[in-house]
Peer 1: 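Supplied in structure tokens, the structure appears directly below.
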Amino acid sequence: MATALRTAYAHIIKDPGVCGGKACIAGTRVRVMDIVELQREGRRPEEMLNVFAISLTLAQVYSALAFAYDHPDEIEADFASGAQVEADIERDRIEYLPRRRNQ
């Protein structure tokens with residue numbers, strides 16, 4: 001009987017109750033996309049260990065990067081979703097301020 005091949009990522013979880021279900025480092029609220037953002041800024045994995053309120057290990061950082069490399073579409077969708085939320089907040093702010101001034 002054939003079994004499906006499943007890749008597990010040590011240190012990475014996806015739980016609807018944590019970070020909205022986005023992939024993150026287990027036991028933290030550090031999302032994989034946060035690690036990817038640091039990489040895009042030019043930081044090396046060793047430089048990422050103490051960026052957050054909680055210290056990370058190299059194993060956690062490399063696991064997050066491995067997940068990101070294996071799931072680029074998911075990570076890009078997370079970035080797009082975040083950008084949309086920011087745009088919605090800004091739109092609501094712009095619409096709200098004139099009404100607030102007229103009260």
Side-chain angles (χ1 to χ4, degrees):
M1 177 176 177
T3 59
L5 180 62
R6 181 171 177 255
T7 303
Y9 295 86
H11 309 291
I12 305 302
I13 64 163
K14 288 173 65 175
D15 179 339
V18 179
C19 296
K22 290 179 174 46
C24 65
I25 297 173
T28 76
R29 296 188 61 79
V30 177
R31 301 168 301 175
V32 170
M33 65 186 285
D34 298 325
I35 298 296
V36 170
E37 182 65 27
L38 292 174
Q39 184 183 46
R40 290 178 178 179
E41 291 173 3
R43 295 192 192 211
R44 294 172 310 148
E46 295 80 9
E47 298 172 319
M48 299 177 192
L49 302 181
N50 297 306
V51 170
F52 304 98
I54 184 167
S55 295
L56 301 175
T57 66
L58 273 176
Q60 290 171 313
V61 170
Y62 279 115
S63 189
L65 291 170
F67 182 92
Y69 283 120
D70 284 344
H71 301 91
D73 294 339
E74 178 180 337
I75 300 305
E76 287 308 314
D78 289 345
F79 277 114
S81 172
Q84 184 60 52
V85 168
E86 288 178 17
D88 291 345
I89 290 169
E90 180 63 13
R91 183 199 66 234
D92 292 347
R93 185 187 69 80
I94 290 169
E95 291 174 0
Y96 172 77
L97 288 178
R99 290 193 312 256
R100 175 90 173 145
R101 287 186 198 124
N102 292 333
Q103 290 181 357

Peer 1: Starting from V51, can I reach I35 by hopping between I/L/V/M/F/W/Y residues whose side chains sit under 4.5 Å apart?
Peer 2: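 Both belong to a single hydrophobic cluster.
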Peer 1: For the hydrophobic clusters of this structure (ILVMFWY residues joined by side-chain heavy atoms under 4.5 Å, transitively), does one cluster hold both V61 and I13?
Peer 2: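 Cluster IDs for V61 and I13 differ.
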Peer 1: Are Q39 and L65 close enough, and set up right, to give a side-chain contact (heavy atoms from CB on, under 4.5 Å), and what steps lead you there?
Peer 2: CA-CA 9 Å; Q39 184 183 46; L65 291 170; 3.7 Å; yes
Peer 1: Of the non-hydrogen atoms in K22 and S81, which two are nearest, and what is the gap between them?
Peer 2: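 So the minimum-distance heavy-atom pair works out to NZ-OG, 4.2 Å.
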Peer 1: What's the spacing between L58 CG and R44 CZ if we round to 0.5 Å?
Peer 2: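 One finds 10.0 Å between CG of L58 and CZ of R44.
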Peer 1: If I compare all heavy atoms of M48 with all of L56, which pair ends up nearest, and what's the gap?
Peer 2: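 That would be O-CD1, 4.2 Å.
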Peer 1: Given the rule that I, L, V, M, F, W and Y join up when any side-chain heavy atoms are under 4.5 Å apart, are I12 and V36 in one cluster?
Peer 2: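 Yes; tracing contacts between hydrophobic side chains, which count when under 4.5 Å, links both residues.
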Peer 1: For the residue pair V30 and C24, what are the closest heavy atoms and their distance?
Peer 2: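 In this case the closest contact between V30 and C24 is O-CB, 3.1 Å.
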Peer 1: Quick one: NE2 on H71 to NZ on K14, what's the gap to the nearest 0.5 Å?
Peer 2: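 Between H71 NE2 and K14 NZ, I get 7.0 Å after rounding to 0.5 Å.
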Peer 1: If you take all heavy atoms of V32 and A68, which pair is closest and at what distance?
Peer 2: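 In this case the closest contact between V32 and A68 is CG1-CB, 3.9 Å.
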Peer 1: Please check if M33 and Y9 belong to a single hydrophobic cluster, counting links between Ile, Leu, Val, Met, Phe, Trp and Tyr side chain heavy atoms closer than 4.5 Å.
Peer 2: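 The answer is yes; both residues are in one hydrophobic cluster.
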Peer 1: Are E37 and F79 close enough, and set up right, to give a side-chain contact (heavy atoms from CB on, under 4.5 Å), and what steps lead you there?
Peer 2: CA-CA 9 Å; E37 182 65 27; F79 277 114; 3.4 Å; yes
Peer 1: Determine the minimum heavy-atom distance between G17 and R29, stating which atoms define it.
Peer 2: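 G17 and R29 have their closest heavy atoms at O-NH1, 4.4 Å.
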Peer 1: With rounding to the nearest 0.5 angstrom, report the CD1 to CZ distance, I25 to F67.
Peer 2: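 Those atoms lie 11.5 Å apart.
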Peer 1: Which atoms form the tightest heavy-atom contact between C19 and R31, and what is the distance?
Peer 2: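 Minimum heavy-atom contact is SG-CG, 3.8 Å.
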Peer 1: For a 4.5 angstrom cut-off between non-hydrogen side-chain atoms, does Y69 reach I75?
Peer 2: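 No. Closest side-chain heavy atoms not under 4.5 Å.
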